[in-house]
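As the structure is a computational prediction, the values presented were derived from the model and not from experiment. All residue numbers in this chain count up from 1 along the given sequence.
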Amino acid sequence: MLLKNKNCPLLLDDDYGRILSLKNESSKEFIAADSRRPLMELNLRDREGNPVLVSSNSAKAEFEQKEGLLIIRYKKLNGLNFDVELHVKYSNEDSFFRWTFACTNRTDYAVEWISLPVCTVPNDLLGNGGKACILYPFSEGILVEDASLRDRMGYKYHPVEYPSRGLEGLYPGSVCSPFMAYCAPEGGLYIGAHDPEFGSKTLEYRIDGSSVELEIRLFCGCGFGEDFKLPYEVKLGSFEGDWMNAAEIYRSWLDTVVKKEEDSRPAWLFEPLLVVTYPVRGTHDMDIMEPNEFYPYTNGLKYIKEIAEKSKSRILVLLMHWEGSAPWAPPYVWPPYGDQEDFKKFIDELHKLGHLIGVYASGIGWSLRSKVVDYKGPELPRGVKFGDLMCKAPDGSMPFSKICCGHRDGYDLCPTTETCYEIVRGEIMQIAEAGIDYVQYFDQNMGGGPCLCYAQDHGHPPMPGKWLSSAMSTLMRRITAELKERNLPLVVGCEGGAAETFIDSMRFNDLRFNVGMFAGKPVPLYAYLYHERLFNFMGNQVCSGSLINNTETPESLLFRIAYSFAAGDIPTLVLKDKAEVHWAWGTKWEIPAPEQESVYELLRAISEFKKSENGIFLTRGRMIREVSVKCENEFSVKLQSGDILKYPSVLSSRWQLPDGSEMQLFINCTWNTQNFEIQDGAKMALAPLSIDIIKSRRI
């Protein structure tokens with residue numbers, strides 16, 4: 001069966017509907033020649049949680065073709081009383097095929113997820129001797145140039161399941177956007193779920209023989225024996241260009257569905273800001289938690305004054321290990337550890353100096369006990385049982401959480417329960433009433449997303465679906481509304497960039513783009529799609545030491561600061577003893593710190609830029625395609641696996657204001673002058689640790 005749109009013919013197997021070929025107008029083949037994967041897969045579950053994988057390869061396809069529409073029917077998949085009807089829309093107006101799905105379920109199974117269309121691309125990636133890469137929207141966004149890199153980095157492919165692991169392919173969560181792209185010089189392939197309700201999905205990629213499968217699984221939120229109809233389209237087709245062209249496809253659609261809401265970001269987020277983070281007890285995450293030199297809290301004031309002067313920035317102090325319960329032991333964090341009066345004095349003195357105060361928390365987990373201090377979680381509210389509140393696996397069991405399990409034993413809270421909301425509300429309101437400016441309450445809820453829940457007695461469907469992200473979004477919106485009603489100017493955030501459905505409730509977040517280095521080369525996809533709606537900061541850069549060989553990349557911290565600045569994000573310093581700037585959180589204090597003065601020189605350049613008239617481009621602008629930059633040198637990031645990620649020695653990004661004015665910035669994070677040439681042939685030289693720009697106006 002051959003379907004033709006504007007310039008992208010799609011060939012399907014006449015027996016089972018498998019995708020055999022998909023080409024662009026340059027005859028670039030996007031489908032791996034040896035792929036025998038089905039067109040569609042579904043996972044069903046019985047009432048005991050046992051999975052049944054159903055494939056379109058198990059039944060002959062029946063085709064009905066109309067103008068611009070192909071209908072594909074499958075009857076009794078896998079011999080079950082289960083029928084499916086697919087619709088594929090296409091036209092001569094573009095190069096895309098739009099897929100929808102409906103099933104008639106006369107079994108007692110529930111549909112957990114569907115994968116449609118199953119798509120495998122050639123493994124002609126750069127790391128395999130080819131020229132292609134895959135855009136994967138994990139964290140900030142990653143260019144996967146070698147699909148096997150994450151195996152060598154210790155992060156092998158694993159399907160998303162419960163218990164959740166935190167850093168995994170869950171959307172909304174660690175994955176910020178529900179699309180992927182294969183990018184090659186001869187053309188690209190885009191696959192994306194254009195879902196205006198931002199329901200739960202997983203996005204992954206995995207090597208399959210000589211191909212790479214772009215895996216998108218769409219959770220259905222079904223009950224047992226229920227039919228299901230996909231309420232949105234999955235878009236598949238070709239495009240020309242690189243990852244920004246793929247991102248533009250999704251952004252153009254997103255612009256049509258996102259309502260413009262009131263900008264609730266406080267004025268201080270628009271100022272030259274520097275986040276400074278450190279613990280008040282212990283020296284790293286699983287240390288002996290004795291008070292350190294930053295405790296009592298007011299001990300930190302002298303360091304903050306010095307750092308503010310050296311960096312020429314306003315400071316947001318972001319405390320770790322401050323919780324009165326235990327470090328990273330959710331959901332209860334209040335009151336603060338130790339001397340309450342000193343904590344209050346610290347807040348007051350910071351504010352008098354013109355600085356700000358924030359605290360980390362740990363999201364909607366439930367800690368039974370801490371593994372780093374002598375702490376056991378409190379009793380549940382009267383009349384409430386653990387099974388009423390906690391996320392459950394498909395078999396109804398309630399296993400321990402796999403998130404931060406080195407710090408605590410416990411569970412994950414289901415966001416649909418009123419008790420979960422009341423707990424979160426109670427903690428956040430106490431933090432707000434204390435005069436704190438920012439709380440990263442949803443740290444460890446990556447992207448703000450909840451864990452999967454399969455409970456059959458919580459009042460929600462037994463299978464994950466749009467209800468899951470909707471419940472979390474509702475929880476956040478209720479808290480945001482109360483903060484506004486009570487005139488409490490606290491900003492709430494999460495770990496990672498807030499996934500798109502949560503952005504309006506979380507305007508400032510700990511992006512940590514570096515975590516993507518376990519799989520590939522980070523690129524500012526998140527900023528390209530969402531920067532106008534929120535701010536992110538560079539974050540505590542945890543995992544940097546396990547990802548980057550800092551000894552062999554001595555400018556690593558400078559690079560990460562510069563990268564975040566070019567993406568429009570706010571820099572972060574992590575302090576060790578004597579308030580030295582350290583490589584990242586999680587790096588032990590006995591490891592020698594990076595060279596200090598270079599860090600402050602770069603921060604001063606960033607601060608001065610943001611104070612200038614051009615700073616508005618990074619606070620009010622939209623990222624657009626940059627004019628290409630050709631550098632004489634490359635900047636190499638040496639990974640702990642021995643692999644190397646290569647970037648231009650001058651990092652660059654381009655921004656556009658609503659009035660049409662544009663600016664492209666260039667930043668040199670190295671200790672040497674860097675020469676480069678821009679698209680029109682103009683040659684430029686950039687001094688060490690400095691910034692330059694070119695401004696223009698789009699006609």
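A heavy-atom distance below 4.5 Å is found between the side chains of Leu468 and Leu452. Between Val118 and Leu39, the closest side-chain pair of non-hydrogen atoms is not below 4.5 Å. In this structure, Pro415 and Pro450 have side chains that are in contact, with non-hydrogen atoms separated by less than 4.5 Å. Side-chain contact between Val160 and Ser164 is absent, with no heavy-atom pair separated by less than 4.5 Å. With a 4.5 Å cut-off on side-chain heavy atoms, Phe442 and Leu475 count as touching. Side chains of Val84 and Phe101 form a contact here, defined as non-hydrogen atoms less than 4.5 Å apart.
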Pairs of donor and acceptor atoms involving the side chains of residues 129-142, under 3.5 Å and at least two apart or interchain, shall be tabulated with distances.
| from | atom 1 | to | atom 2 | distance (Å) |
| --- | --- | --- | --- | --- |
| Tyr136 | OH | Leu203 | O | 2.7 |
| Glu140 | OE2 | Tyr563 | OH | 2.7 |

Which donor-acceptor pairs under 3.5 Å do the side chains of residues 219-233 make with protein atoms, sequence neighbours left out?
| from | atom 1 | to | atom 2 | distance (Å) |
| --- | --- | --- | --- | --- |
| Glu226 | OE1 | Gly223 | N | 2.9 |
| Asp227 | OD1 | Asn105 | N | 2.7 |

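Ion pairing between Arg507 and Asp504 holds under the 4.0 Å rule for side-chain N and carboxylate O. The residues Glu62 and Lys60 are annotated as not salt-bridged, no charged nitrogen and carboxylate oxygen being separated by less than 4.0 angstrom. For Asp443 and Arg512, the salt-bridge test passes: some basic side-chain N is under 4.0 Å from an acidic carboxylate O. We find that Lys521 and Glu145 are joined by a salt bridge, their nearest charged nitrogen and carboxylate oxygen being less than 4.0 Å apart. Ion pairing between Glu161 and Arg165 fails under the 4.0 Å rule for side-chain N and carboxylate O. The pair Arg18-Asp14 fails the salt-bridge criterion, with no side-chain N (NZ, NE, NH1 or NH2) lying under 4.0 Å from an Asp/Glu carboxylate O. Using a 4.0 Å cut-off between charged side-chain N and carboxylate O, Arg152 and Asp643 make a salt bridge.
A side-chain N or O of Glu215 and one of Tyr157 form a donor-acceptor pair less than 3.5 Å apart. One side chain, Ser21 or Glu29, offers a donor N or O that lies under 3.5 Å from an acceptor on the other. Side-chain polar atoms of Trp655 and Ser653 form a donor-acceptor pair below 3.5 angstrom. For the residue pair Asp412 and Tyr162, a side-chain donor N or O sits within less than 3.5 Å of a side-chain acceptor on the partner. Side-chain N/O atoms of Asn57 and Arg37 include no donor and acceptor closer than 3.5 Å.
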Is there a side-chain contact (heavy atoms from CB on, under 4.5 Å) between Val234 and Arg98 once you walk through the steps? CA-CA 6 Å; Val234 178; Arg98 295 164 174 83; over 6 Å; no
For Tyr250 and His194: C-alpha separation, side-chain torsions, deciding distance, then whether ring pair (Phe, Tyr, Trp, His ring centres under 6.0 Å) applies. CA-CA 8 Å; Tyr250 188 75; His194 290 198; 5.6 Å; yes
If you apply the rule side-chain contact (heavy atoms from CB on, under 4.5 Å), what do you find for Leu44 with Phe82, and how did you get there? CA-CA 11 Å; Leu44 313 181; Phe82 190 95; 4.0 Å; yes
Stepwise side chain to side chain donor-acceptor pair (under 3.5 Å) test for Tyr74 and Glu85: CA-CA 6 Å; Tyr74 299 94; Glu85 182 172 297; over 6 Å; no
Under the side-chain contact (heavy atoms from CB on, under 4.5 Å) criterion, do Met623 and Gln656 qualify, and how do the steps go? CA-CA 6 Å; Met623 184 181 283; Gln656 184 182 54; over 6 Å; no
Between Ile19 and Leu10, does the side-chain contact (heavy atoms from CB on, under 4.5 Å) criterion hold? Intermediate values first, please. CA-CA 7 Å; Ile19 298 180; Leu10 171 67; 3.8 Å; yes
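Remark: the backbone N or O of Met40 is paired with a side-chain donor or acceptor of Ser56 at under 3.5 angstrom. Judged by distance alone, with hydrogens and angles left aside, the side-chain atoms of Ser401 form a donor-acceptor pair with the main-chain N or O of Ile403 at under 3.5 Å. Although no hydrogens or angles enter the test, the distance criterion places no donor-acceptor pair under 3.5 Å between the side chain of Asn445 and the main chain of Glu495. With Lys392 contributing its side chain and Met390 its backbone, the two residues share no donor-acceptor pair below 3.5 Å. In this structure, Ser252 contributes its side chain and Ile249 its backbone to no donor-acceptor pair below 3.5 Å. With hydrogens and angles disregarded, no donor-acceptor distance shorter than 3.5 Å links the side chain of Asn78 to the backbone of Leu80. Within the 3.5 Å criterion, the main-chain N or O of Val212 finds no donor-acceptor partner in the side chain of Asp208. Put simply, the side chain of Asp13 gets close to the backbone of Asp15: a donor and an acceptor are under 3.5 Å apart. The main-chain N or O of Gly497 is never found under 3.5 Å from a side-chain atom of Asn536 such that the two would form a donor-acceptor pair. No donor-acceptor distance shorter than 3.5 angstrom exists from the side chain of Ser174 to the backbone of Leu170, with no hydrogens or angles considered.
Taking CE of Met472 as the start and CH2 of Trp467 as the end, the distance is 12.0 Å to the nearest 0.5 Å. Note that the CG atom of Asp94 and the CZ atom of Phe97 stand 9.0 Å from one another [nearest 0.5 Å]. Rounding to the nearest 0.5 Å gives a distance of 6.5 Å between OG1 of Thr417 and CG of Leu413. The CG atom of Leu2 lies 8.5 Å from the CG atom of Leu12; values are rounded to the nearest 0.5 Å. Distance NZ/Lys4 to OG/Ser95: 14.0 Å, rounded to 0.5 Å. With values rounded to the nearest 0.5 angstrom, Ile31 atom CD1 is found 9.0 Å from Leu20 atom CG.
Checking Arg251, Glu500, Arg622 one by one against Tyr530, the side chain to side chain donor-acceptor pair (under 3.5 Å) holds for a single residue, Glu500. Among Asn128, Asn123, Asp34, the single residue meeting the side chain to side chain donor-acceptor pair (under 3.5 Å) criterion with Ser210 is Asp34. For the side chain to side chain donor-acceptor pair (under 3.5 Å) criterion with Asp83, the lone passing option out of Arg73, Lys76, Lys75, Arg106 is Arg106. When each of Arg217, Lys156, Arg150 is tested with Glu204 by the rule salt bridge (Lys or Arg N to Asp or Glu O under 4.0 Å), just one qualifies, namely Arg150.
The number of heavy atoms from other shown groups lying within 6.0 Å of OH (Tyr109) does not exceed 12. Counting heavy-atom neighbours within 6.0 Å of Lys28 NZ, excluding the residue itself, gives a total above 12. Residue Arg47 places its CZ atom among more than 12 non-hydrogen atoms of other residues, nucleotides or ligands, all under 6.0 Å distant.
In terms of heavy-atom proximity, Val111 sits nearest to Cys103 at CG2-SG, 4.1 Å. The minimum heavy-atom distance between Phe30 and Pro122, with the atom names listed, is O-CD, 3.3 Å.
A cation-pi arrangement, defined by a distance under 6.0 Å to the six-membered ring centre and an angle within 45 degrees of its axis, is present between Arg45 and Tyr454.
Proximity of the aromatic rings of Tyr90 and Phe96 is defined here by a centroid distance below 6.0 angstrom, and this criterion is not met. Residues His531 and Tyr526 place their aromatic rings such that the two centres sit no closer than 6.0 Å.
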